Structures are given as C-alpha cells and as structure tokens.
Amino acid sequence: MKQFYVEPGKKVDLNEWKTDSTPDFEGKKADAAPEIEKLNAKLESLQELLYAEGKHKLLIILQGMDAAGKDGVIRHVFDGVNPQGVKVASFKVPTPEELSHDYLWRIHKYTPAKGEIVIFNRSQYEDVLAVRVLKLVPDNVWKKRFDHINAFERMLADEGTTILKFFLHVNKDEQRERLLERVDDPAKRWKFNPGDLDTRAQWDEYQKAYEAVLEKTSRQWAPWYVIPSDKKWYRNLAISRIMVATLEKLKMKYPQPAEDIEKYRTELVG
Ligand code: AMP
Ligand code: MG
C-alpha cells in the first residue's frame with residue numbers, strides 16, 4: 001500500500017491525492033466482500049495474538065473532515081475483534097480541566113499498554129488543525145507543536161508502540177452528500193451537528209492545515225497514510241490491508257505454555 005504512504009518530509013498537495021480511487025483492486029463493492037471478510041478474520045486472530053503475547057502496543061490514529069468516516073472505520077474494520085484488548089479514545093473539544101494542562105496531557109493517558117490496540121478518533125493533531133484554523137492560540141504557539149508531537153510519538157515508538165496514522169481523504173461534494181443524508185435520514189439525524197457547516201465553510205483552511213500535518217509529522221516509526229475515502233468499502237479495505245500487514249510484520253508468538261502441560265491432562269481427567 002505504498003501509494004498511500006506519505007514520504008517523511010515530502011511536500012503534500014492534497015489536490016494531487018485521489019479521494020475516489022481503488023488502487024490494487026479490480027472490481028466493484030460486492031467483489032471486495034470476500035477479501036474484507038478474510039482480512040477481518042486475520043485481524044481478529046492477530047489481535048488475539050497481540051493480547052496473548054502481551055509485548056507490543058498498537059496505536060491507530062484516525063483523522064479526517066466531518067463525515068469522512070472515522071466512526072465507520074471503527075465500526076467496520078474492527079467488526080468481530082474481541083473488545084477485550086481494543087479501546088477507542090474520542091477526543092472532543094477539550095474540557096476546562098484539559099485546557100488547563102498542556103495539550104498532550106489528555107492524550108498520553110489513553111496511549112496503549114502492552115497487548116492493547118487503541119484507536120484514536122481524532123487526536124493530538126486537532127491541536128494543529130482545529131486550533132490553528134479557529135485561531136484558538138497564537139501562531140507561534142501551535143507552530144511549535146509539530147516538533148513536540150514528533151518527539152512524543154518517537155518516544156512512544158522507542159518504548160514499543162507501533163503507530164499508524166490514517167487521514168481519511170474525502171471530496172468536498174462527497175461530504176455534502178453525507179451531511180445531507182444526516183439531514184434527510186431520520187436514523188442519521190442524531191449525527192447532524194450544525195457546527196459541521198462552519199467547519200465545512202473553512203474547508204480550504206483545513207486542507208491546508210492537514211497538508212502541513214502530513215508533511216511535518218509523517219515518520220518511518222509513525223507514518224501517515226492518505227486513504228481515498230469516497231468509497232466507504234475501499235476505505236475499509238485499504239485500512240484493513242495496512243493494519244494486517246503491519247501486525248504480521250511484528251512476528252508475534254504465543255507465549256510458552258506451562259511447563260509439562262501434558263501432565264495436567266492426567267490430573268484433569270483423573
Ligand atoms: P466530533 O468528532 O464530530 O464529535 O467532533 C469533535 C469536535 O471537537 C471537532 O469539531 C473537533 O475539531 C473538536 N476538537 C477536538 N479536539 C480539539 C482541540 N484540541 N481543540 C479544539 N477543538 C477540538
Ligand atoms: Mg462531527
């Protein structure tokens with residue numbers, strides 16, 4: 001999935017990154033189902049192995065505009081994975097207590113422990129995205145944060161965390177369709193937030209802020225992937241592929257069983 005990988009330090013122009021392509025896939029949505037199912041089963045057993053081995057930590061960071069599909073990824077990609085050992089942390093507008101600390105304070109306590117997978121639904125990156133676009137702090141404050149975030153993620157990686165960061169890239173028209181669905185479909189109305197229209201009105205500013213994030217914070221040990229996300233099924237497929245390939249590379253092993261485990265059979269059988 002090299003085509004989605006953001007080369008560290010490389011300039012990023014999001015207009016050049018497709019939102020509706022389906023690289024390494026021939027066919028339509030229905031044709032993807034068998035592969036998605038297979039990847040899902042693999043993820044399920046890799047997660048069990050990660051938990052059993054209790055050595056590695058996996059941090060997944062999801063970012064994207066409203067309705068880009070962050071919740072959908074969590075629901076579909078992790079479908080069937082044992083909830084024991086997987087946690088989701090959603091980062092909203094900071095509370096007064098969170099704001100009275102440094103911006104990484106609320107983040108750090110949700111990073112994964114050994115054997116855990118943690119999914120960040122939004123993250124520390126909001127502190128150089130929303131905070132930048134909404135001008136919540138002066139420029140000289142947020143500009144320093146790229147270095148802090150790189151150092152923070154480097155520390156997590158050095159201490160045994162595998163980090164994957166996904167930017168769900170959607171077209172502005174596709175976002176309109178999805179927001180319209182939230183207005184029109186009674187079952188989706190709860191998701192509609194009038195504030196999303198203000199964010200949409202600042203689309204270009206957000207794209208620019210995302211470009212800076214991708215350029216300045218993609219690292220070999222904490223790579224960004226730009227995922228074409230107009231097609232929900234392809235978005236799920238691409239993320240599943242990257243996650244499974246990354247977990248397989250960890251060469252995990254089940255821990256050694258109890259010594260002379262066979263003798264317990266006699267004990268149990270009597
Ligand atoms: P949602 O993910 O749709 O529930 O919305 C959460 C909202 O919280 C989004 O509009 C984010 O931009 C906003 N948010 C998250 N973190 C921060 C932050 N550190 N500063 C300001 N706004 C934030
Ligand atoms: Mg939202």
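Ligands are counted one by one from 1 in listed order, and the atoms in each one are counted from 1 as well. What you see is a predicted model; the values in this text were computed from it and never measured.
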Check your understanding: Which word best sums up how the rings of Tyr125 and Trp224 line up, parallel for under 30°, tilted for 30 to 60°, or perpendicular for over 60°?
Key -> perpendicular
Exercise for review: Taking all heavy atoms of Ala130 and all of Tyr206, pick out the closest pair and write down the distance.
Suggested key: CA-OH, 3.6 Å
Which atoms of ligand 1 sit under 4.0 Å from any heavy atom of [X]?
{"X": "Asp127", "value": "19 (N)"}
{"X": "Val131", "value": "20 (N)"}
{"X": "Ala130", "value": "12 (O), 22 (N)"}
{"X": "Arg106", "value": "16 (N), 17 (C), 18 (C), 19 (N)"}
{"X": "Pro94", "value": "17 (C), 18 (C), 19 (N), 20 (N), 21 (C)"}

Check your understanding: Just heavy atoms, cut-off under 4.0 Å: does Arg122 contact ligand 1 by side chain, backbone, both, or neither?
Key -> side chain
How about [X] and [Y]: are their ring centres within less than 6.0 Å of each other?
{"X": "Tyr110", "Y": "Phe120", "result": "no"}
{"X": "His169", "Y": "Tyr210", "result": "no"}
{"X": "Trp233", "Y": "Phe25", "result": "yes"}

Exercise for review: Supply the atom-to-atom distance Gln207 CD to Leu14 CG, rounded to the nearest 0.5 angstrom.
Suggested key: 5.5 Å
Practice item. Closest by any non-hydrogen atom to atom 15 (C) of ligand 1: pick that one out of Arg132, Gln124, Lys92, Lys70. Key: Lys92
